[in-house]
Amino acid sequence: MSEIDLDQRTAVITGASRGIGAAIAEYAVKVGMRIGVCARSESALAGSDRVVSARLDVVDEDALEAFAKQVESSFGAIDLWINNAGVLSPIAPIRNVSTAEFRTHVDINLTGVFIGTRIYLGHRRRHGGGGVLINISSGAASNPYAGWGAYCASKAGVERLTEVVALEERSSGLRAYSVAPGVVDTDMQSLIRDCSPDRFPKVADFVEMKKENRFNSGEYVARQLLALAFDPARATDEVAIRFADESEQA
C-alpha cells in the first residue's frame, strides 16, 4: 500500500466529522489524497486546500448532489465514495420502538446510503465507469442483537443493496463493497456502554471490551479501506468484507 501513489486520488466520505468517518478523512489527507467530507456538523479538516467540506444531512438528496458536484468541480472525477454516515439509536426492544423512530433510523442508515450510492453511480457513468464504492456495514448485519432491531435491519439492508450494485455495475468496471470494520471506540461505543441491560442485554460484553481495550483503531480501519480500494493485491470479487481484529495482524 505504501508504494501506491494516492496524491491524485479523490475520495468522498460521508459522516466525516467524528468517529470512523473522521479517522478515514484524516488518514486520507495524511497520505496525500484529495477528499470531500460531509456531515451534519463541521469537519475539523474544513479549510484545507485538499478538502471540500459541507454540512448536510445525507437524506437531503439535493444537498448531497450539489456537494458531489462541488467535489468534482474542485478535484475532478471521484475515485472512491464511502457511505459512512449512520446512527445506532433507537436502542430498545422492538416492542418499545416507535414507528417514527424506526423510519428515521432507516432513512439515515439505508436510504442515505442509497442516495449516496445512486449519486456516485451516475457520477462514475459520466466519467466512463470504474470507481470504488464502499458502504460501511457492521457485524450486526448478519448477527442479531436484542435491542438493536433497527440497526441490524438497516445494516442487513446495506449489505444486500451493495450486493445488487456490485452485480448491476460489474460491466462498468465499478467495484462495490460493504465493509464491517470491526469495533472502534467511538461515540457510538460510548452510547452502547451507557445502556441499561433491559435496553441492550449484551452491554456487559462491550464494557468488558473497553476494560481490555479490544478495539480496532480508526487509522487501522482507514488503512484497510484505502488498501481495499487502491491496492490491486486486495481487489476481490467478494462484496461483504469483514476486517480482522487489529490485534491479530502481524
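This is a predicted model, so every value here is computed, not measured. Below, each value reflects all heavy atoms present in this structure, side chains not excepted, and no hydrogens, waters or symmetry copies.
- Arg242 contributes no side-chain N or O that, together with a main-chain N or O of Val179, makes up a donor-acceptor pair within less than 3.5 Å.
- One hydrophobic cluster, built from ILVMFWY side chains closer than 4.5 Å, holds both Leu174 and Val113.
- Although no hydrogens or angles enter the test, the distance criterion places no donor-acceptor pair under 3.5 Å between the side chain of Asp57 and the main chain of Asp60.
- Asn143 contributes a side-chain N or O that, together with a main-chain N or O of Gly139, makes up a donor-acceptor pair within less than 3.5 Å.
- Between Asp185 and Lys210 there is a salt bridge, since a side-chain N of the basic residue sits under 4.0 Å from a carboxylate O of the acidic one.
- The shortest heavy-atom contact between Val52 and Phe75 is CG2-CE1, 3.7 Å.
- The hydrophobic cluster containing Ile91 also includes Leu88, Tyr145, Trp148, Tyr151, Met188, Leu191, Ile192, Phe200, Val203, Phe206, Val207, under a criterion of side-chain heavy atoms closer than 4.5 Å among ILVMFWY residues, counted directly or through chains of members.
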**Request:** Kindly indicate, with the supporting measurements, whether the criterion side-chain contact (heavy atoms from CB on, under 4.5 Å) is fulfilled by Leu225 and Ile134.
**Result:** CA-CA 8 Å; Leu225 289 173; Ile134 295 179; 3.9 Å; yes
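- With contacts defined as side-chain heavy-atom distances shorter than 4.5 Å, the pair Leu167/Glu163 does not qualify.
- Distance check, rounded to the nearest 0.5 Å: CD1 of Ile136 to CG of Asn109 gives 12.0 Å.
- Environment of CZ in Arg193: crowded, with over 12 heavy atoms of neighbouring residues, nucleotides or ligands closer than 6.0 Å.
- In this structure, CG in Leu226 is found 10.5 Å from CG in Asp231, a value given to the nearest 0.5 Å.
- Leu121 and Leu80 fall into different hydrophobic clusters, where Ile, Leu, Val, Met, Phe, Trp and Tyr residues are linked whenever their side-chain heavy atoms come under 4.5 Å apart, directly or through other members.
- What you find for Val58 and Ala85 is that their closest heavy atoms are CG1-CB, 3.9 Å.
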**Asked** Going through the checks in order, is the side-chain contact (heavy atoms from CB on, under 4.5 Å) test met by Arg234 and Gln224?
**Response** CA-CA 9 Å; Arg234 291 288 297 275; Gln224 297 301 310; 3.1 Å; yes
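- Scanning all heavy atoms of the two residues, the minimum distance from Glu238 to Ile241 falls at O-CD1, 3.8 Å.
- Atom OG1 of Thr10 sits about 8.0 Å away from atom CZ of Arg50, to the nearest 0.5 Å.
- Put simply, the side chain of His123 gets close to the backbone of Ile78: a donor and an acceptor are under 3.5 Å apart.
- Looking at heavy atoms from C-beta onward, Val12 lies in side-chain contact with Phe67 at the 4.5 angstrom threshold.
- Between atom CG of residue Leu133 and atom CG of residue Asn83 there is a gap of 6.0 Å, rounded to the nearest 0.5 Å.
- The closest side-chain donor-acceptor pair between Ser217 and Glu246 falls under 3.5 angstrom.
- Under the 4.5 Å side-chain contact rule for hydrophobic residues, Tyr177 and Leu161 do not share a cluster.
- Donor-acceptor pairing under 3.5 Å is lacking for the side chains of Ser89 and His105.
- Looking only at atom types and distance, the side chain of Thr162 has a donor-acceptor partner in the side chain of Asn135 under 3.5 Å away.
- Ser138 contributes no side-chain N or O that, together with a main-chain N or O of Ala141, makes up a donor-acceptor pair within less than 3.5 Å.
- In this structure, CG on Asp79 lies 10.0 Å from NE2 on His127, to the nearest 0.5 angstrom.
- The shortest side-chain heavy-atom distance between Arg40 and Ile108 falls under the 4.5 Å cut-off.
- Residue-environment remark: CZ (Arg160) stays at or below the threshold of 12 foreign heavy atoms within 6.0 Å.
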**Prompt:** Run the side-chain contact (heavy atoms from CB on, under 4.5 Å) check on Leu6 and Arg9 step by step: do they pass?
**Reply:** CA-CA 5 Å; Leu6 298 178; Arg9 300 285 193 171; 4.0 Å; yes
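- Trp81 and Leu228 end up in different hydrophobic clusters when Ile, Leu, Val, Met, Phe, Trp and Tyr side chains are linked at under 4.5 Å.
- In terms of heavy atoms, Leu45 sits closest to Glu26 at CD1-N, 3.9 Å.
- When only modelled atom types and interatomic distance are considered, Ser17 and Ser43 share no side-chain donor-acceptor pair under 3.5 Å.
- For Thr236 and Arg175, the side-chain atoms include no donor-acceptor pair closer than 3.5 Å.
- The closest donor-acceptor contact from the side chain of Glu208 to the backbone of Asp205 lies at 3.5 Å or more, if one exists at all.
- Screening Ile13, Asn84, Asn216 against Ile20 for a side chain to side chain contact (heavy atoms under 4.5 Å, CB included) leaves a single residue, Asn84.
- Between Ile82 and Thr14, the closest side-chain pair of non-hydrogen atoms is not below 4.5 Å.
- The OG atom of Ser137 lies 3.5 Å from the CD atom of Glu159; values are rounded to the nearest 0.5 Å.
- No hydrogens or angles considered: a donor-acceptor pair under 3.5 Å links the side chains of Ser53 and Glu42.
- Residues Val239 and Ala166 come closest through the heavy atom pair CG2-CB, 3.6 Å.
- When all heavy atoms are compared, the tightest approach of Gly157 to Leu110 is C-CD1, 3.6 Å.
- With contacts defined as side-chain heavy-atom distances shorter than 4.5 Å, the pair Arg18/Asp187 qualifies.
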**Request:** Output, in order, the C-alpha distance, side-chain angles, deciding distance and verdict of side-chain contact (heavy atoms from CB on, under 4.5 Å) for Val164 and Glu168.
**Result:** CA-CA 6 Å; Val164 170; Glu168 293 177 344; 3.4 Å; yes
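- Note on Phe215 and Val221: separate hydrophobic clusters, where clusters join Ile, Leu, Val, Met, Phe, Trp and Tyr whose side-chain heavy atoms are under 4.5 Å apart, directly or indirectly.
- Ionic pairing of Glu72 and Lys69 is not present here: no N-O contact between side-chain nitrogen and carboxylate oxygen is shorter than 4.0 angstrom.
- We find that Arg125 and Glu169 are joined by a salt bridge, their nearest charged nitrogen and carboxylate oxygen being less than 4.0 Å apart.
- Val183 places a side-chain heavy atom less than 4.5 Å from the side chain of Met209.
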**Request:** List the steps and the verdict of salt bridge (Lys or Arg N to Asp or Glu O under 4.0 Å) for Glu219 and Lys30.
**Result:** CA-CA 11 Å; Glu219 183 167 317; Lys30 178 181 173 181; 3.5 Å; yes
